[in-house]
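Working notes, structure below.
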Amino acid sequence: MTENTSSTPLIDSATEPFMFPKLTAEQIERIAAHGVLRSITRGEVLIESGHYDVPFFIVKAGEIEVIRPSALDNLRIAIVRKDQFTGDISMILGRPALMRLRVSVSGEVVELTRNQMHALIQADAELSEVLMTAFISRRIELVTRGIGDVLLIGSAQSTATFRIKVFLTRNGHPFKYLNIDRDADVQDLLARFGVDSGELPVLICRGGAVLKNPTHQEIAECLGFNERIDHAQQRDVAIVGAGPAGLASAVYAASEGLDALVIESSSPGGQAGSSSKIENYLGFPTGISGGELAERAYAQAQKFGASVMIAKGAVGLTCEPECHGVRLSDGATISARTVIIATGARYRKPPLANLAEFEGAGVYYNATFMEEAQLGDGDEVIVVGGANSAGQAAVFLARAGRRVHVLVRSDSLSVSMSQYLIRRIEETPTIQVRTRTEIAALEGNGHLERVLWRDSTGAVTSHNVRHVFLMTGAEASTTWLNGHITLDSKGFIKTGPDLTPDDLAAAQWPLDRSPYLLETSRPGVFAVGDVRCGNVKRVASAVGEGSIAISFVHRVLAEQAAVSPGSPSRLMSQNRG
Ligand SMILES: Cc1cc2nc3c(=O)[nH]c(=O)nc-3n(C[C@H](O)[C@H](O)[C@H](O)COP(=O)(O)OP(=O)(O)OC[C@H]3O[C@@H](n4cnc5c(N)ncnc54)[C@H](O)[C@@H]3O)c2cc1C
């Protein structure tokens, strides 16, 4: 192993005011009131990578070096100097430390435990801004440079490699990627880890564990994403889905003192996380990428103390008869006093026989920088769909003069797309809208090579297009509810005033009061965002509903406490009786 720790650090902490700000004497004094003052000695390891619940330090004198240890080399990342502080977003997310921190010049530090630092961030708005900005900036830098505890080796042509890249990126986890088709020395590395090239993609995780074509759950386990989450604890609210609606519920619940757990089957951000730029969300006049919005919301929820379980899907509600448990894909059940369903919607897949063969290898359901990186210079693309997501994708992909065919089944875009996007499309000469046109077949060998489309005259023509972006409407993610909750005819969840007396009678609604706004046919179970019948499929409305639901959660908790003080729920006590 190369010990490259005497070299110049990769990041010069003296010139990076966002990543390594200097605290004022008054700020240090405020923080010191919560921790202890202690001396540090050259060579002392203050934090070891892979450890959980690591402390937080402010350097008063001396220096601390930040090292990324790995099976291949030890990289010197930065030096934390006088008045600067250690830490990274992992501390907020409850994940293991990515870096080793070692004293390079003896001196003195203020030390806080993770819990003390967390409490400080929640209580002190000014310090929260300085610390959170630094933690997020540091993480962005590591992700951009691919410096972390994960090495991914695979082929750029492989669907599985693409899937893993998207999962790590959406979870904000830095990784280094080696392309088997291009990078030198990959074969030596594979031999070193005992991997056959037929077993790719492979993930070398946290310096040693070799995961061959891992599932998301295996990656989450290896990286310790869920390690600190207590499955046995009964929660005030279990929130299923970490899209904008679920994350908004988590932020409001946790910031109002509720014990909230979010259960997410994939990565935080939901559909919004896959948007290249959201331009109509209040407060972002120049737009914000869905990935950035998701990352910020995810950190914000955890800052207030919500727990977020990654890569664990909910597979059912346990209703005996009231629904106070969420069954997970790994067989565990989370017990909660109230439940918020925020499982959103996912793209409908057109009935094309060999669609699955090309998913991630020419067929995509999102259009972000991740997907764009799969495209070659000058590649033509097809976008299928007539809603805003298709319009955004077309405009995004047409940057740099790329030719984009937009295929829509209807007669025009105006039926389902915002005017500002239609105007942008009309003003972009390289975008061609083909109305009353649909894909008839996909052809290729391992990667999409040709698309056959049927136009308004019924004629089928073949086109050498290697990339298709499918944005063809969404269906609610409600099959996992197994009939426990009343749905509308299209599978979306009915709530509040949408529930008719017949619906309530069929569901055996047990209370004297009617369901609250956003409450489903089961007391204490709410539905918010795109999964709800009548939703308007917008980030702002999903966020709004997610936050409003928390005020009704408070009411239900108060009802439960009033009827049965000392017991979490009147309904549970009724069952016992
Ligand atoms: C490409 C694209 C661009 C868009 N652009 C805009 C825009 O510019 N402006 C705008 O306002 N809106 C836009 N939208 C719409 C917006 O993103 C959605 O309305 C919004 O994301 C809905 O949020 P949600 O939280 O209700 O659901 P979702 O975002 O769908 O999130 C649901 C989450 O639940 C998870 N989940 C599903 N089932 C389970 C389960 N069983 N267990 C655990 N977790 C589960 C999913 O993995 C997902 O993370 C866009 C959508 C797309 C796809």
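Start at 1 and go down the list; that is how both ligands and their atoms are numbered. From a predicted model like this one, the values you see are computed outputs, not experimental measurements.
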I would like to know whether Phe167 and His173 meet ring pair (Phe, Tyr, Trp, His ring centres under 6.0 Å); could you show each step before the answer? CA-CA 9 Å; Phe167 180 73; His173 199 90; 9.6 Å; no
So the salt bridge (Lys or Arg N to Asp or Glu O under 4.0 Å) pairs with at least one residue in residues 267-286 (sequence neighbours excluded) are Glu279-Arg424
For Arg555, the salt bridge (Lys or Arg N to Asp or Glu O under 4.0 Å) test, sequence neighbours excluded, returns none
In a check of side-chain contact (heavy atoms from CB on, under 4.5 Å) between Val240 and each of Leu317, Val531, Ile334, Val326, which one passes? Val326
Yes or no on ring pair (Phe, Tyr, Trp, His ring centres under 6.0 Å) for Phe369 and Phe396, after CA distance, side-chain angles and deciding distance? CA-CA 9 Å; Phe369 292 100; Phe396 173 70; 5.1 Å; yes
Which protein N or O atoms sit under 3.5 Å from any N or O of ligand 1? Give atom names and distances.
from: ligand 1; atom 1: 5 (N); to: Gln392; atom 2: OE1; distance (Å): 3.3
from: ligand 1; atom 1: 5 (N); to: Gln392; atom 2: NE2; distance (Å): 3.0
from: ligand 1; atom 1: 8 (O); to: Gln392; atom 2: NE2; distance (Å): 2.4
from: ligand 1; atom 1: 9 (N); to: Asn280; atom 2: OD1; distance (Å): 2.8
from: ligand 1; atom 1: 11 (O); to: Val539; atom 2: N; distance (Å): 2.8
from: ligand 1; atom 1: 12 (N); to: Val539; atom 2: N; distance (Å): 3.4
from: ligand 1; atom 1: 17 (O); to: Ala272; atom 2: N; distance (Å): 3.3
from: ligand 1; atom 1: 19 (O); to: Asp530; atom 2: OD1; distance (Å): 3.1
from: ligand 1; atom 1: 19 (O); to: Asp530; atom 2: OD2; distance (Å): 3.1
from: ligand 1; atom 1: 19 (O); to: Arg538; atom 2: N; distance (Å): 3.2
from: ligand 1; atom 1: 21 (O); to: Ala272; atom 2: N; distance (Å): 3.3
from: ligand 1; atom 1: 25 (O); to: Pro244; atom 2: N; distance (Å): 3.2
from: ligand 1; atom 1: 25 (O); to: Ala245; atom 2: N; distance (Å): 2.9
from: ligand 1; atom 1: 26 (O); to: Asp530; atom 2: N; distance (Å): 2.8
from: ligand 1; atom 1: 29 (O); to: Gln271; atom 2: N; distance (Å): 2.8
from: ligand 1; atom 1: 30 (O); to: Gln271; atom 2: NE2; distance (Å): 2.8
from: ligand 1; atom 1: 30 (O); to: Ala345; atom 2: N; distance (Å): 3.3
from: ligand 1; atom 1: 41 (N); to: Ala314; atom 2: O; distance (Å): 3.0
from: ligand 1; atom 1: 42 (N); to: Ala314; atom 2: N; distance (Å): 2.9
from: ligand 1; atom 1: 44 (N); to: Ser265; atom 2: N; distance (Å): 3.1
from: ligand 1; atom 1: 44 (N); to: Ser265; atom 2: OG; distance (Å): 3.4
from: ligand 1; atom 1: 47 (O); to: Glu264; atom 2: OE2; distance (Å): 2.6
from: ligand 1; atom 1: 49 (O); to: Glu264; atom 2: OE1; distance (Å): 2.7
from: ligand 1; atom 1: 49 (O); to: Glu264; atom 2: OE2; distance (Å): 3.2

Sequence neighbours left out, what pairs pass ring-ring contact (aromatic ring centres under 6.0 Å, His included) with at least one residue falling in residues 399-439? His405-Trp453
